[in-house]
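Only one structure is covered here, and it is reproduced in the block below.
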Number of protein chains: 2
Amino acid sequence: MQNSFTEENYLKIIHNLSGRDDLEVSTNALAESTATRAASVTDMLRKLAEKGLIHYKKYQGVRLTEEGQKVALKVIRKHRLWEVFLVEKLGFGWDEVHDIAEELEHIPSDRLVERLDAYLDHPQFDPHGDPIPDAKGNMPAPDYLKLSDIPLGHRALMMGVLEHTPAFLQHLDRSGLTLGCEIEIKEVNEFDKSAQIQINSQRTLFISQEVSRNVLVQRL
Amino acid sequence: MQNSFTEENYLKIIHNLSGRDDLEVSTNALAESTATRAASVTDMLRKLAEKGLIHYKKYQGVRLTEEGQKVALKVIRKHRLWEVFLVEKLGFGWDEVHDIAEELEHIPSDRLVERLDAYLDHPQFDPHGDPIPDAKGNMPAPDYLKLSDIPLGHRALMMGVLEHTPAFLQHLDRSGLTLGCEIEIKEVNEFDKSAQIQINSQRTLFISQEVSRNVLVQRL
DNA sequence: AAAAAAATTTAGGGCTGTCTAAAAATGTAT
DNA sequence: ATACATTTTTAGACAGCCCTAAATTTTTTT
C-alpha cells in the first residue's frame with residue numbers, strides 16, 4: 001500500500017521533531033508543525049499506527065517504527081536533493097527553495113531520485129548544510145556547534161543553519177554569511193550576547209544572539 | 001482559487017481530446033481517459049463549469065473556456081518541459097518519462113517552470129516531437145504528415161509520434177526509428193499496407209501500417 | 001491530594017473525488 | 001414513430017483529511 005502525500009509529511013515531521021535521540025513527539029507539536037488541529041493529528045496517528053509506521057499509545061506521544069523511519073528518510077532525501085537541484089542547476093537562492101522542494105519531495109519514482117542524485121554528483125549536503133541520507137537511508141549526523149558556543153577569539157567555519165525561514169536566510173545573505181565562510185569572534189557583549197565577528201579575515205559585522213544561535217559551525 | 005491536481009488533469013485531457021478543431025468532448029471519452037466512471041466525470045464537469053473553466057450543457061459534451069484553455073496549456077507546458085529535462089539531463093529513455101512527467105506537471109511554481117525552461121534552453125519540442133507551449137500559452141501547431149501518407153519513392157524526416165505507449169516507443173528504438181532520421185519509402189505492400197523503408201540512406205526495414213500510421217514526418 | 005490547567009481524544013460533521021444503481025435523455029433501427 | 005440501445009445524469013454512499021465542541025486523561029499548582 002502506498003503512503004499518501006499527507007502521510008509522508010507527517011512521517012517527515014515526526015522525524016524532524018524527534019531529533020537524533022528519537023524523542024517522543026507530542027500531538028500538539030505535530031499540530032503546530034502540520035498547521036492542523038490536534039484532533040486531526042490524532043486521526044492521522046491512529047492511521048499511521050495501523051499501518052505500522054509509528055509506535056503510538058494514546059496520550060503518550062509517538063515515535064517512528066523502523067519502517068516509518070525508512071519512509072521519512074526517503075522523503076527527506078528527496079527534499080534535500082531537489083533543493084540542491086534548484087540551487088545548483090536552476091539558480092534559485094537558498095531562501096527560495098523550501099516550498100518548492102516541499103512539493104517535489106512527494107514525487108514517487110525511485111529511479112528518478114537515483115538519477116537525480118547521480119546528476120548532482122551525489123551531494124552530501126543540501127544548500128542549508130543539512131546532510132542528505134543515502135539511498136539506503138543512512139544519514140551522517142554532523143556534530144556542528146552553534147556559533148553562539150564559540151568562545152571569544154576563536155575561529156570557526158560556517159557549516160549550516162538551524163532556522164530555515166526566508167527572512168533569516170536573506171538576513172544572512174545581506175550580512176555576507178554564507179556556508180563555508182570563516183568566522184572569528186572578535187567581541188561579545190555580556191548584556192545581550194550580541195557579538196562582533198570577522199568574516200574571512202575581512203570585514204567585521206555585528207550580529208545578535210538570535211543569529212549566532214541559529215548558525216552552525218565547525219571549530220578551527 | 002487554486003485548481004486541484006485532479007482538475008488540472010481533466011483540463012489537460014479535455015484539451016488533448018478536443019484536438020486542434022476544438023471538438024466537443026463526451027463524458028464517456030473522459031471517463032475512459034481518466035480511468036473513472038462516467039458518473040464521476042459528470043460531477044467534475046459540473047464543478048469545472050462552475051469555476052468557469054469549461055462550457056458545459058447537460059448531455060451535450062464539453063469544451064474548454066478561454067480560461068480553461070490557459071490552464072490546460074500551462075499543464076501541458078510543464079509536462080513537456082519536464083519530459084525534456086528527464087531525457088536530456090537525467091538520461092531517461094523517451095519511453096520512460098510519461099508517468100513521471102504526469103506527476104511533475106502539477107508542481108505549482110511559475111518561477112520554477114520559467115527557470116526550468118531557461119535551463120533547458122527554451123526547447124520547442126518535447127522528446128516525442130510534441131510542441132511545447134510558451135509562457136503565454138502559444139503553442140505552434142506543426143502540420144506533420146503520417147508516414148503512411150508519404151508516397152512510394154519519396155523521402156521524409158521523422159518529426160514525432162502519435163502513439164506514446166512505452167511498447168510502441170521501444171519498438172521504434174529497436175527499429176532504429178528516432179526523431180530526425182530520414183526515411184525513404186522503398187516499397188508498399190498493397191494487401192496490408194506494410195512497407196519497406198530505408199533509414200538515413202542506410203539500413204532498410206519492414207514496418208507495419210500500424211507503425212507507419214503512428215509516425216509523424218515532414219516531407220523532403 | 002484536591003483543584004485547576006493543559007494536553008489529548010472522541011463525537012459528529014464537511015468537502016473532495018470516487019463509486020454503484022437507477023433514472024432520464026438522446027440516438028438508432030425497424 | 002415507436003421501441004430498443006446507448007449515453008449521461010441523479011441519488012445515495014464511502015474514504016481521506018480536515019474541522020469544532022465536548023469529554024477524558026495527564027500534568028501542574030496550591
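Just so we're on the same page: letters track the sequence lines, and every chain starts at 1. When reading the values below, keep in mind they use all heavy atoms of this one structure, side chains included, and skip hydrogens, waters and symmetry mates.
Contact record, A/Val161 with A/Asp130: O-OD1, 4.4 Å, taken as the closest heavy-atom pair.
The interatomic distance linking A/Gln2 (CD) with D/dG16 (P) rounds to 14 Å, in whole Å. For the pair A/Leu45 CG and C/dA7 C1', the computed distance is 13 Å after rounding to whole Å. As a whole-Å value, the separation of A/Glu24 CD from D/dT26 C1' is 14 Å. Atom NZ of A/Lys51 and atom P of D/dA15 are 15 Å apart (whole Å). A/Glu8 places its CD atom 16 Å from the P atom of D/dG16, with the value rounded to the nearest Å. The distance between atom CG of B/Leu30 and atom P of D/dT7, rounded to the nearest whole Å, is 14 Å. Taking atom NZ on A/Lys57 and atom P on D/dT25, their separation rounds to 17 Å, with Å as the unit.
Across all strands shown, B/Tyr56 has heavy atoms under 4.0 Å from sugar-phosphate atoms exclusively, and none from any base. Among the protein residues, A/Thr27 comes within range of the sugar-phosphate backbone only, with heavy atoms under 4.0 Å from sugar or phosphate atoms but none that close to a base.
Note on B/Glu7 versus B/Lys51: salt bridge recorded, some NZ/NE/NH1/NH2 to OD/OE distance being below 4.0 Å. A salt bridge does not link B/Lys74 to B/Glu8: none of the charged side-chain nitrogens sits closer than 4.0 Å to a carboxylate oxygen. One finds a salt bridge joining B/Arg77 and B/Glu114 here, because a Lys/Arg side-chain nitrogen approaches an Asp/Glu carboxylate oxygen to under 4.0 Å.
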Restricting both atoms to N or O, compile the protein contacts to nucleotides 18-20 of chain C shorter than 3.5 Å, with distance only.
{"unit_1": "C/dT18", "atom_1": "O4", "unit_2": "B/Asp43", "atom_2": "OD2", "d": "3.3"}
{"unit_1": "C/dC19", "atom_1": "OP2", "unit_2": "B/Arg37", "atom_2": "N", "d": "2.8"}
{"unit_1": "C/dC19", "atom_1": "OP2", "unit_2": "B/Ser40", "atom_2": "OG", "d": "2.7"}

I'd like a list of close polar pairs between nucleotides 23-27 of chain C and the protein, N/O only, cut-off under 3.5 Å.
{"unit_1": "C/dA25", "atom_1": "O4'", "unit_2": "B/Tyr59", "atom_2": "OH", "d": "3.4"}

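Of the N and O atoms on the side chains of A/Ser194 and A/Asp192, at least one donor lies less than 3.5 Å from an acceptor on the other residue. Using modelled atom types, one finds a donor on one side chain and an acceptor on the other under 3.5 Å when comparing A/Gln170 with A/Asp95.
Evaluated for a ring pair (Phe, Tyr, Trp, His ring centres under 6.0 Å) with B/His98, the options B/His164, B/His79, B/His128 yield exactly one hit, B/His79.
Within the cation-pi definition used here (under 6.0 Å to the ring centroid, within 45° of the axis), A/Lys89 does not qualify as a partner of B/Phe85.
Counting non-hydrogen atoms of neighbouring residues, nucleotides and ligands closer than 6.0 angstrom, the NZ atom of A/Lys70 reaches no more than 12 such neighbours.
Applying the 4.0 Å criterion to OP1 and OP2 of D/dT8, one finds that B/Asn28 has a side-chain N or O inside that range.
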